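Below you'll find the structure, written out as structure tokens, and then a few comments.
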Amino acid sequence: MPELANESKKRLFLFLIGGIFFFVLSRKILPKESFELSETDITVINQKTKERKRILIRDIKNEVSFYSGKMSLLHLGFQKNDDDEWHIIDPQVKNYMELIQNFKNLYQKQRTPILIQQQDNGNDIIFKTSSDNNPTMNQMVHSPLSRLSKYNKNILVSKTKVRINNKDFFFTDMQTASISHDGNIIAFNKSGDEMFVIFYSQITSPDVFLELLKNGLQIPTT
């Protein structure tokens with residue numbers, strides 16, 4: 001009988017340890033935030049407090065997709081303004097690949113016309129670029145938030161030019177701008193030479209940035 005009681009205690013102890021381990025593991029696996037996407041906005045839900053924050057897609061200033069983690073999986077980060085917190089759609093989020101793609105499509109569709117109008121009106125538009133010199137290698141060792149904090153350099157797009165690292169590239173000298181087969185945003189001058197190259201994951205809102213380049217090429221010179 002004592003042996004049976006000891007065996008029962010042992011099983012109960014192992015069951016409790018297993019339960020605690022599963023609880024801790026599940027807390028780590030669960031995403032910190034979940035998301036609900038509609039045609040006009042995205043709602044961020046804090047999984048701990050259940051607080052809900054609704055953000056209009058057209059008002060989001062910065063959006064960037066990148067690969068991170070040991071398995072180099074796709075992530076998408078966005079923030080409404082430069083000083084706001086980043087929200088991250090990562091592989092822990094349910095149906096995250098579909099959510100990322102739908103978000104990117106809606107974002108480009110709704111954000112681009114706003115910035116093109118500002119560009120046509122002569123306003124300067126600021127995009128952020130990462131200070132990482134080698135994003136392809138570093139993206140696999142930095143945590144998402146650490147990597148997003150490196151988007152701290154400015155690229156300026158205006159009605160007449162693009163300014164990168166304090167160097168001006170005028171639309172009057174530019175022939176085309178497109179995404180290359182290896183995923184870089186590249187601009188060519190009228191002689192067919194490269195003017196500049198930017199990694200897709202090195203700049204915030206890359207699809208919108210490319211549309212502003214194309215729009216700049218169409219603005220009549222005065």
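What you see is a predicted model, and the numbers here were worked out from it, not measured in a lab.
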> Any chain of hydrophobic side-chain contacts (each under 4.5 Å) joining Val197 to Met174?
Replying inline: no
>> Distance check, rounded to the nearest 0.5 Å: Ile88 atom CD1 versus Phe35 atom CZ?
In response: 8.0 Å
> Around Lys167, counting heavy atoms of other residues, nucleotides and ligands shown, do more than 12 lie under 6.0 Å from its NZ?
Replying inline: no
> Where is the tightest heavy-atom contact between Leu56 and Arg54, given as atom of each residue plus distance?
Replying inline: CD2-NH2, 3.7 Å
> Rounded to the nearest 0.5 Å, how far does CD of Glu85 lie from CG of Leu148?
Replying inline: 12.0 Å
> If you look at every heavy atom in Ser65 and Leu74, which pair is closest and at what distance?
Replying inline: CB-CD1, 4.2 Å
> Taking atom CZ of Phe170 and atom CE of Met195, what is their separation to the nearest 0.5 Å?
Replying inline: 9.5 Å
> Are Ile179 and Ile198 linked, directly or through other ILVMFWY residues, by side chains that come within less than 4.5 angstrom of each other?
Replying inline: yes
> Is it true that Arg52 and Glu36 have a side-chain N and a carboxylate O under 4.0 angstrom from each other?
Replying inline: yes
>> Is the distance between the ring centroids of Phe78 and Tyr107 under 6.0 Å?
In response: no
>> I need the Lys153 NZ to Ile203 CD1 distance, nearest 0.5 Å.
In response: 11.5 Å
>> Has Ser205 got a side-chain atom pairing as donor or acceptor with Lys61's backbone, closer than 3.5 angstrom?
In response: yes
> Would you say the side-chain atoms of Asp193 and Ser191 include a donor-acceptor pair closer than 3.5 Å?
Replying inline: no
>> Can a side-chain donor-acceptor contact be found between Asn46 and Lys32 if the only test is distance below 3.5 angstrom?
In response: no
> Quick one: CD1 on Ile42 to NZ on Lys80, what's the gap to the nearest 0.5 Å?
Replying inline: 13.5 Å
> To the nearest 0.5 Å, what is the distance between CZ (Arg163) and OG (Ser158)?
Replying inline: 8.0 Å
> Any side-chain donor paired with an acceptor under 3.5 Å for Asp84 and Gln79?
Replying inline: no
Which atom pairs, one a donor and one an acceptor, fall under 3.5 Å between side chains of residues 208-215 and the rest of the protein, sequence neighbours left out?
{"residue": "Asn215", "atom": "ND2", "partner": "Gln119", "partner atom": "OE1", "Å": "2.7"}
{"residue": "Asn215", "atom": "ND2", "partner": "Asp120", "partner atom": "OD1", "Å": "3.0"}

